[in-house]
Amino acid sequence: MKSAIIGGTGCQRMVNSEWVRHTVDTPYGTVALFEKDDVYLLLRHGEGHTVPPHLINYRANIAALQQLGVTQTIGIYAVGSITSMVLPGTIGIIDQFIDFTGGARQSTFFDGGAGGVRHVPMVTPYSSRLRKAIARQAAQLEIPLALKGTYICTNGPRLETPAEIGVFRRWGADYVGMTAATETILANEAAIDFAGVVYSINWAAGLDAEGISFIEAETSEKVITQLNHLTKAALLARE
Ligand code: HPA
């Protein structure tokens, strides 16, 4: 079974000289990614973190994984906390998303023409098998982990107003980010078993007396190292 991790903000530091770089040509564009120990790593913001969330070529990224024969993938997402489900500096598994990108992105392979028309169900957008594998590995590695949560996905790249965060909280969102919904939709359309893990780097707008402030670089490095181990172990684990 071929596996992939899609890494976000801060995940460039997961790549060292042990990873082999590949490029894949897809109908949507060329994608660069890395491979090590049977796991691919795709950096969604590009190798130098130069692509903002609203301009990521999500279709090319997921099509590249599909072309490589990847059947299971875990996305890693930096978020801002709206509830105490996942506190800044801690991690959790997504079980639902709210797509607040407003249709501003290419977030489907099924847009008529050669792609056809299909309406893929999103009742359980995240693989329960992968979620269980992540939870099991977290317990073994003694990493505290929230087992569920709702991610609201904005278009960005700007951050939110406190009024927006107030609405999102009333809607039931636990944390906010700018990428997971689009990636999750396309992975489901591509029939890739998909899970999402979040790590919070701040309280969302209006929830922190200081204004917006982000966790220390040292804490975020520690959390990303944990996530690197956790996601790889979950993908490679035998049931
Ligand atoms: N809002 C949106 N996306 C984010 C945030 C936030 O507060 N923190 C990290 N990604």
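Remember, it's 1-based here, ligands and their atoms both numbered in the order they're listed. Since this is a predicted model, take the numbers as computed values, not measurements.
Aromatic rings from Y77 and Y175 are positioned such that their centres are separated by 6.0 Å or more. Taking the six-membered ring where the residue is Trp, the centroids of W203 and F214 are separated by 6.0 Å or more.
Checked options N188, D95, D193, T184; the residue passing with Y126 is T184 (criterion: side-chain hydrogen bond (donor to acceptor under 3.5 Å, both in side chains)).
Ligand 1 is surrounded by A78, V79, G80, L159, E160, V176, G177, M178, I201, N202, each with at least one heavy atom closer than 4.0 Å.
One finds the CG atom of L186 at 8.5 Å from the OH atom of Y28 (value rounded to the nearest 0.5 Å).
Counting only heavy atoms from C-beta outward, the side chains of Q67 and P27 approach each other to under 4.5 Å.
Remark: R21 engages E47 in a salt bridge, criterion side-chain N to carboxylate O under 4.0 Å.
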